[in-house]
Engineer: 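I'd like to ask some things about the structure below.
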Amino acid sequence: MPGWFKKAWYGLASLLSFSSFILIIVALAVPHWLSGKILCQTGVDLVNATDPELIKFIGDFYGLFRGCKVRQCGRGGRQSQFTIFPHLVKELNAGLHVTILLLLFLALALALVSMGFAILNMIQVPYRAVNGPGGICLWNVLAGGVVALAIASFMASVKFHDLTERIANFEEKLFRFVVVEEQYEESFWICVASASAHAANLVVVAISQIPLPEIKTKIEEATVTAEDILY
């Protein structure tokens with residue numbers, strides 16, 4: 001059985017892995033991956049708007065898996081909902097988008113595996129080294145790496161595949177929108193926190209291996225004198 005010191009740190013490691021699992025679920029459920037400001041370029045060109053008037057032609061939207069878009073082309077804001085599947089995915093880089101989803105689902109499974117390894121080490125001392133602290137570190141590195149790869153893939157989709165502009169111009173026949181500003185939102189940073197939880201687990205496991213100083217009780221040696229023998 002592991003000592004109380006290791007049990008405490010392994011318990012913390014299992015909680016961090018479980019929190020990463022919950023964070024990924026929240027990131028998948030909440031569509032606030034990206035918010036942006038889009039400019040109705042067609043409306044601006046038609047009326048030859050100046051800087052103070054541009055605010056009438058700016059709308060904002062957010063979302064990755066589903067979201068909301070506000071179209072504002074000088075006639076007031078008109079809000080519309082959109083979903084990625086099954087229609088909008090045809091306008092995007094479908095392979096990259098599906099890859100992001102698969103990576104996040106894989107990260108869910110790896111987070112549970114890393115939590116299981118931490119619980120196993122908290123209950124008993126594994127007889128195989130791969131099931132010990134090294135195994136916990138391995139699964140956390142894999143889980144954190146997969147989440148980081150999903151984050152990098154999403155950033156690539158935004159920056160190099162014009163995700164924002166493609167969503168803004170989806171099913172637009174009369175107006176053309178251009179991207180003015182982009183900002184990562186809650187779901188994106190939740191994924192970053194999930195990857196950070198696995199990185200923190202590596203530190204937790206390393207601390208758990210620090211040997212505690214043993215407390216030794218000093219035993220006084222009995223001295224036998226000649227008087228004791230005579231007695």
Side-chain angles (χ1 to χ4, degrees), residues 1-35 62-66 84 96-159 183-217:
M1 291 288 290
W4 64 268
F5 180 76
K6 289 188 176 183
K7 278 186 177 181
W9 287 106
Y10 289 148
L12 178 59
S14 64
L15 286 176
L16 285 172
S17 295
F18 183 70
S19 66
S20 173
F21 175 81
I22 297 298
L23 288 173
I24 296 173
I25 290 179
V26 172
L28 286 168
V30 179
H32 297 180
W33 279 75
L34 186 78
S35 67
Y62 58 86
L64 172 62
F65 306 107
R66 68 181 190 275
I84 300 297
L96 185 58
H97 195 84
V98 172
T99 299
I100 296 171
L101 285 172
L102 291 177
L103 287 172
L104 290 175
F105 284 120
L106 177 60
L108 284 173
L110 293 174
L112 288 179
V113 173
S114 65
M115 182 183 70
F117 269 67
I119 294 174
L120 174 66
N121 282 264
M122 186 172 60
I123 296 174
Q124 63 183 21
V125 178
Y127 63 92
R128 290 183 180 179
V130 71
N131 295 335
I136 301 176
C137 291
L138 173 63
W139 289 108
N140 276 282
V141 168
L142 290 175
V146 168
V147 176
L149 189 56
I151 293 170
S153 298
F154 176 72
M155 294 176 68
S157 179
V158 172
K159 297 298 180 183
Q183 183 176 355
Y184 295 108
E185 292 294 338
E186 292 92 343
S187 293
F188 177 85
W189 296 114
I190 286 172
C191 278
V192 174
S194 173
S196 302
H198 290 292
N201 255 347
L202 300 179
V203 179
V204 169
V205 174
I207 294 175
S208 70
Q209 300 309 300
I210 298 175
L212 289 178
E214 295 182 1
I215 302 174
K216 295 182 179 180
T217 56

Engineer: Has Asn201 got a side-chain atom pairing as donor or acceptor with Ala13's backbone, closer than 3.5 angstrom?
Structural biologist: yes
Engineer: Is there a side-chain contact (heavy atoms from CB on, under 4.5 Å) between Leu106 and Leu110 once you walk through the steps?
Structural biologist: CA-CA 6 Å; Leu106 177 60; Leu110 293 174; 4.1 Å; yes
Engineer: Which pair of heavy atoms, one from Ala107 and one from Ile24, lies closest together, and at what distance?
Structural biologist: CB-CD1, 3.6 Å
Engineer: Does the side chain of Met155 reach to within under 4.5 Å of the side chain of Val158, using non-hydrogen atoms?
Structural biologist: no
Engineer: Working to the nearest 0.5 angstrom, can you tell me the gap between Ser153 OG and Leu96 CG?
Structural biologist: 5.5 Å
Engineer: Distance from Ile22 atom CD1 to Leu108 atom CG, nearest 0.5 Å?
Structural biologist: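 If we round to the nearest 0.5 Å, Ile22:CD1 and Leu108:CG are 9.0 Å apart.
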Engineer: Scan residues 108-117 for pairs that pass side-chain hydrogen bond (donor to acceptor under 3.5 Å, both in side chains), counting only residues two or more places apart or in two chains.
Structural biologist: Ser17-Ser114
Engineer: Pair up each side-chain donor or acceptor in residues 189-196 with any protein partner under 3.5 Å, not counting sequence neighbours, and list the distances.
Structural biologist:
residue, atom, partner, partner atom, Å
Trp189, NE1, Tyr184, O, 3.3
Ser194, OG, Ser20, OG, 2.6
Ser196, OG, Val192, O, 2.8

Engineer: Is any side-chain heavy atom of Lys6 less than 4.5 Å from a side-chain heavy atom of Met122?
Structural biologist: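 No; the side chains remain at least 4.5 Å from each other.
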Engineer: Within a strict 4.5 Å, meaning less than it, do heavy atoms of the Phe188 and Ile151 side chains meet?
Structural biologist: yes
Engineer: Leu102 versus Val98: any side-chain heavy-atom pair under 4.5 Å?
Structural biologist: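 Leu102 vs Val98: side chains touch.
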Engineer: So which heavy atom on Cys137 is nearest to which on Val205, and how close?
Structural biologist: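 For Cys137 and Val205, the tightest heavy-atom pair comes out as SG-CG1, 3.7 Å.
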Engineer: Side-chain contact test, heavy atoms from C-beta onward, threshold under 4.5 Å: evaluate it for Leu28 versus Leu101 and give yes or no.
Structural biologist: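 They are in contact (side-chain heavy atoms under 4.5 Å apart), so the answer is yes.
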Engineer: Mark yes or no for whether Ser187, through its side chain, and Val30, through its backbone, hold a donor-acceptor pair below 3.5 Å.
Structural biologist: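 Yes: the side chain of Ser187 pairs with the backbone of Val30.
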Engineer: So which heavy atom on Asn140 is nearest to which on His198, and how close?
Structural biologist: OD1-ND1, 2.9 Å
Engineer: Please find the pair of heavy atoms, one from Pro133 and one from Gln209, that lie closest to each other, and give the distance.
Structural biologist: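 Shortest heavy-atom separation between Pro133 and Gln209 comes out as CG-NE2, 3.3 Å.
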Engineer: Looking at CZ of Phe105 and CD1 of Ile100, how far apart are the two atoms once the value is rounded to the nearest 0.5 Å?
Structural biologist: 12.5 Å
Engineer: Kindly compute the distance separating CH2 (Trp33) from CD (Glu185), expressed to the nearest 0.5 Å.
Structural biologist: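 The CD atom of Glu185 is 12.5 Å from CH2 of Trp33, to the nearest 0.5 Å.
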Engineer: Go through the steps to decide whether Ile136 and Tyr10 satisfy the test side-chain contact (heavy atoms from CB on, under 4.5 Å), and finish with yes or no.
Structural biologist: CA-CA 9 Å; Ile136 301 176; Tyr10 289 148; 3.9 Å; yes
Engineer: Nearest heavy-atom pair of His97 and Ile84: which atoms, and what distance?
Structural biologist: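 Shortest heavy-atom separation between His97 and Ile84 comes out as NE2-CG2, 3.4 Å.
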Engineer: To the nearest 0.5 Å, what is the distance between OG on Ser14 and CG on Leu112?
Structural biologist: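 Between atom OG of Ser14 and atom CG of Leu112 there are 12.0 Å.
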Engineer: Do side-chain atoms of Trp139 reach the backbone of Gly116 as a donor and acceptor pair under 3.5 angstrom?
Structural biologist: no
Engineer: Closest approach of Phe5 and Ile210, non-hydrogen atoms and distance?
Structural biologist: CE2-O, 3.7 Å
